2 protein chains.
Amino acid sequence: MERAALTTAAVVADAAALADQAGFDAVTLSAVARRLGVRAPSLYSHVRDREALLDGITALALGELAERIAAAIAGRAGRPALEAFATAHREFALQAPGRWQSLQRRAGEIAVRSGGARQMVTLTRAVLRGYPVPQDQHVHAVRVLGSTINGYLALERSGGFNHSAPSPELSWHKTVQALDALLNSWPTGNPS
Amino acid sequence: MERAALTTAAVVADAAALADQAGFDAVTLSAVARRLGVRAPSLYSHVRDREALLDGITALALGELAERIAAAIAGRAGRPALEAFATAHREFALQAPGRWQSLQRRAGEIAVRSGGARQMVTLTRAVLRGYPVPQDQHVHAVRVLGSTINGYLALERSGGFNHSAPSPELSWHKTVQALDALLNSWPTGNPS
DNA sequence: GGGAATGCCTAATGGCCATAGGCTGTCGGC
DNA sequence: GCCGACAGCCTATGGCCATTAGGCATTCCC
């Protein structure tokens with residue numbers, strides 16, 4: 001019996017793969033152990049508990065998403081940058097649904113410390129540089145952007161669009177277009 | 001031993017209360033049974049299985065939210081209506097976190113059929129009537145609105161704002177303001 | 001008063017997380 | 001080349017959960 005050479009990273013990676021295949025909720029220590037040809041308790045040498053495993057997936061996903069986004073918006077500004085930013089999000093959600101799902105929960109210590117979150121904020125701000133949004137409004141704009149993009153993908157994923165007509169594709173385009181328009185004329189004062 | 005007079009509705013209502021107190025994930029047949037002073041298997045007379053129970057909560061929450069929104073936007077139009085619409089959402093999320101959480105998942109048969117979903121769409125369209133958004137764009141606008149509001153509340157709830165400065169309150173206001181501006185100048189053509 | 005239906009119960013199965021403690025092969029020090 | 005420590009996996013166990021099967025009492029209608 002060869003040593004399986006398990007490491008924390010390997011366990012987390014396999015768990016992430018399982019999440020993509022069977023859904024985030026299907027990520028269970030037992031299931032991962034089965035996939036790795038090992039008994040469940042053995043995993044506790046590499047992972048503190050289930051929560052830590054899930055948090056590890058979150059950290060991994062955060063890093064991967066940041067990487068994709070960085071590559072996507074490099075060399076772009078303004079609307080093209082925004083579109084690349086949004087598309088990177090959406091493709092990540094579609095291609096790695098389990099990992100994406102792992103981002104939609106209260107992040108634990110590991111994930112927060114991993115720096116991926118900070119990186120995401122930095123990247124979002126980079127997109128904003130191409131728009132006439134004043135510095136002191138950036139935080140708000142970052143939040144609106146994150147809310148809308150994540151919210152849209154969550155709705156799409158949970159089937160919120162299955163019962164009305166036009167394709168999600170079309171609405172997605174309109175949504176990004178709307179965000180572009182919004183950033184271009186960011187409301188500053190207190191207009192009545 | 002008095003007959004507890006359990007009904008499907010009573011079980012679902014108690015489950016919803018539990019969800020608000022302990023989180024949606026804490027809604028377990030065992031826990032609900034304990035609260036009702038009954039053994040877990042007894043609940044199967046009223047509820048098909050756990051999934052049906054959760055779906056029941058979703059249907060209940062959908063109806064309650066629609067009711068709140070209807071009351072909030074009655075007699076208002078334009079920006080006040082939008083603000084009332086958004087506020088109703090947020091207050092629901094803050095006051096009934098478990099019920100709100102139940103809306104953030106793939107809805108099952110019961111919830112879909114309950115008509116609450118359709119009612120929500122109708123109410124959102126009602127808000128749009130106060131804005132110069134062309135009819136054929138309403139679907140998209142409904143989706144953008146839903147995405148942003150839900151997305152914001154999800155982010156707020158999952159602590160996404162805990163690590164940066166300004167209060168969520170402020171950003172929330174800015175977000176609603178931004179949506180107002182967006183609807184007022186909804187991008188129609190294909191502006192380059 | 002009898003019988004069926006209603007509504008709760010106990011018993012039992014199987015899955016999951018988690019802890020405790022045991023076994024084995026590998027490797028550094030001598 | 002031997003020995004002890006340690007790394008890394010194992011079995012055994014306990015507790016909680018969902019779900020099914022089958023039993024017992026109360027109620028209500030005839």
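Keep in mind that the numbers below use all heavy atoms, side chains included, and drop hydrogens, waters and symmetry copies. A, B, ... follow the sequence lines: proteins, then strands. Residue 1 opens every chain. All values derive from a computational prediction rather than experimental measurement.
- Each of Leu153(B), Leu179(B), Val176(B) was scored for a side chain to side chain contact (heavy atoms under 4.5 Å, CB included) with Thr148(B), with one residue passing: Leu179(B).
- Under the ring pair (Phe, Tyr, Trp, His ring centres under 6.0 Å) criterion, no residue pair touches residues 19-57 of chain A, with sequence neighbours excluded.
- We find the CD-CG distance between Gln101(B) and Asp20(B) to be 9.5 Å, quoted to the nearest 0.5 Å.
- One finds a side-chain N or O of Thr28(A) lying less than 4.0 angstrom from the OP1 or OP2 phosphate oxygen of dC17(C).
- Spacing between atom CZ of Arg34(B) and atom P of dC9(C) amounts to 14 Å, rounded to whole angstrom units.
- Cation-pi contact between Arg157(B) and Trp100(B): absent, since separation from the ring centre below 6.0 Å together with deviation from the ring axis within 45° is not met.
- Protein atom CG of Leu6(B) is 9 Å distant from nucleotide atom P of dG7(C), rounded to whole Å.
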Expected rows: protein N/O vs nucleotides 18-20 of chain C N/O, under 3.5 Å:
residue: dA18(C); atom: OP2; partner: Tyr44(A); partner atom: OH; Å: 3.0
residue: dA18(C); atom: OP2; partner: Arg50(A); partner atom: N; Å: 2.8
residue: dA18(C); atom: O5'; partner: Tyr44(A); partner atom: OH; Å: 3.3

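- For the OP1/OP2 pair of dC16(D) and a distance below 4.0 Å, the side-chain nitrogens and oxygens of Ser30(B) include no atom meeting the criterion.
- Taking 4.0 angstrom as the limit, Ser45(B) places none of its side-chain polar atoms (N or O) nearer than this to OP1 or OP2 of dC8(C).
- Residue pairs meeting the salt bridge (charged side-chain N to carboxylate O under 4.0 Å, His left out) criterion with at least one partner in residues 42-51 of chain B, sequence neighbours excluded, are Glu51(B)-Arg105(B).
- If you take NE2 of His46(B) and P of dA18(D), they are 16 Å apart, rounded to a whole angstrom.
- Atom CG of Leu43(B) and atom C1' of dC8(C) are 10 Å apart (whole Å).
- In this structure, Trp186(B) has its ring center no closer than 6.0 Å to that of Tyr131(B).
- Summarising the geometry, the separation between CG on Leu53(A) and P on dC16(C) is reported as 14 Å, rounded to the nearest angstrom.
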